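Remarks on the structure that follows.
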Amino acid sequence: MHKLPPSFYTRRTLTVAKDLLGKIFVRKIGKKILSGKIVEVEAYLHNDPACHAFRGMTERNKVMFNEGGYLYVYFTYGVHYCANIVTYKKGIGEAVLIRAVEPIEGIEVMKKSRYSDVSHREDVRDLYNLTNGPAKFAQAFGLEREQNGISLLGDEIFLLQGEQIPPSKIIATTRIGITAGKERKWRFYIRDNPWISKR
DNA sequence: TCCACGATCGGCT
DNA sequence: GCCGATCGTGGAG
């Protein structure tokens, strides 16, 4: 399996969003490798009121204005981080939020990141709860302010080819947790996978 | 300078 | 189903 090339990310955002399903997100931390298959995403376009870049470039969203192929991580609700893949051309301001992945490698490390202090249940629900939401994914993979703006063409964080998901297995529906632009069906996920985020 | 609020989560009713 | 946590951001003044 090989690393996705720049040309993968610089296509139209809705195309990239659907195509991200089935790809493998990889993070190297020292000798540890964390990886997971992307199973749910949401697209945010520049002329879309729910998009952070809708009102132009600011200190927070400036990474979104790079050409596709960067990681955009932001802090929200005073508690959580969420991670996006920057898409399309330089100067536009579009990205795809990663909402859920299926863990593959580094599951023990992810559990430590997610359940740092208290003891947790050792049943299958742990595996699902590890990465079945955007902030859960970011926490499991240790994605915070420091990772904002990292190039996905480098060797620390990148995506691998993974599997091709046929259109018949991709569900398109409305995005979660937004107040504007609700009607757009830009949330995409792989049908019948147990890591779908809730609500 | 101020202040309302958010691309969420987990716990409680 | 609902609510509180918790704070950086950016639009308003």
Side-chain angles (χ1 to χ4, degrees), chain A residues 9 13-14 16-18 20-21 25 36 38-66 68 70-88 92-103 110-150 152 170-190 194-199:
Chain A
Y9 302 102
T13 298
L14 292 175
V16 179
K18 284 177 266 194
L20 278 169
L21 297 176
F25 186 100
I38 299 173
V39 300
E40 178 182 351
V41 300
E42 282 178 0
Y44 287 88
L45 274 59
H46 73 282
N47 56 355
D48 154 25
C51 179
H52 287 175
F54 180 61
R55 290 179 178 78
M57 195 188 302
T58 67
E59 189 56 32
R60 174 174 71 156
N61 68 23
K62 60 185 179 186
V63 170
M64 292 181 74
F65 288 83
N66 283 308
Y70 288 82
L71 193 69
Y72 167 51
V73 182
Y74 69 91
F75 182 64
T76 191
Y77 292 104
V79 196
H80 301 295
Y81 291 92
C82 293
N84 299 251
I85 307 295
V86 176
T87 53
Y88 206 38
I92 306 291
E94 304 196 346
V96 177
L97 172 71
I98 300 181
R99 288 198 60 90
V101 307
E102 173 184 335
M110 294 184 204
K111 283 186 177 175
K112 281 181 187 163
S113 303
R114 291 271 297 125
Y115 312 112
S116 52
D117 42 356
V118 294
S119 60
H120 58 280
R121 309 174 307 275
E122 275 297 339
D123 61 32
V124 69
R125 283 174 298 175
D126 284 341
L127 199 53
Y128 296 150
N129 285 327
L130 219 43
T131 51
N132 63 348
K136 296 180 186 181
F137 159 71
Q139 187 180 30
F141 279 72
L143 304 175
E144 302 186 353
R145 183 172 302 277
E146 201 176 322
Q147 283 67 45
N148 184 38
I150 286 183
L152 300 173
I170 298 178
I171 309 291
T173 182
T174 54
R175 294 170 294 177
I176 294 178
I178 56 172
T179 54
K182 280 181 173 166
E183 67 292 345
R184 296 170 165 88
K185 295 188 175 176
W186 290 347
R187 173 180 178 231
F188 305 102
Y189 62 88
I190 302 175
W195 278 273
I196 291 302
S197 62
K198 313 197 189 281
R199 301 161 223 270

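Everything quoted here is computed from the prediction, not taken from an experiment. Values below: all heavy atoms of this structure, side chains included; hydrogens, waters and symmetry mates excluded.
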Write down the atom of A:A43, the atom of A:A17, and the distance for their closest heavy-atom approach.
-> CB-CB, 4.0 Å

In terms of heavy-atom contacts, A:I190 and A:I196 come closest through O-CD1, 4.3 Å

First contact, last contact: which nucleotides of DNA chain C are these for chain A, 5' to 3', heavy-atom distance under 4.0 Å?
-> C:dA5 to C:dG11

What would the secondary structure line of DNA chain B be in dot-bracket form, counting Watson-Crick and G-U wobble pairs under 3.5 Å, with [ ] for pairs that cross earlier ones and | for pairs with another strand?
-> ||||||.|||||.

Where A:N47 and A:P49 come nearest, the two heavy atoms and their spacing | O-CD, 4.0 Å

Would you call A:N148 and A:Y81 a side-chain contact if the rule is heavy atoms closer than 4.5 Å?
-> no

Which part of the nucleic acid does A:R145 contact within heavy-atom distance under 4.0 Å: base, sugar-phosphate only, or nothing?
-> sugar-phosphate

Apply the test side chain to side chain donor-acceptor pair (under 3.5 Å) to residues A:Y72 and A:H52: give CA-CA distance (whole Å), side-chain angles for both, the deciding distance (0.1 Å), then the verdict.
-> CA-CA 11 Å; A:Y72 167 51; A:H52 287 175; 2.8 Å; yes

Please measure how far the C1' atom in C:dC3 lies from the corresponding atom in B:dC5, and state the result in whole Å.
-> 16 Å

Taking the inter-plane angle between the rings of A:W195 and A:Y128 on a 0 to 90° scale, is it parallel (under 30°), tilted (30 to 60°) or perpendicular (over 60°)?
-> perpendicular

Considering only the P atoms, how many Å lie between C:dG1 and B:dA7, rounded to the nearest integer?
-> 22 Å

What does nucleotides 2-13 of chain B look like as a protein-contact string, B for base, S for sugar-phosphate only, - for none, at under 4.0 angstrom between heavy atoms?
-> ----BBBBB---

Among A:M110, A:H80, A:R114, find the residue that satisfies the side-chain contact (heavy atoms from CB on, under 4.5 Å) test when tested with A:Q139.
-> A:R114

A:N61 side-chain N/O to A:G56 backbone N/O, donor-acceptor pair under 3.5 Å = yes

Please report the shortest heavy-atom distance between A:I176 and A:K198, naming the atom on each side.
-> CD1-O, 4.0 Å

Shortest non-hydrogen contact from A:A95 toward A:T13 | O-CG2, 4.0 Å

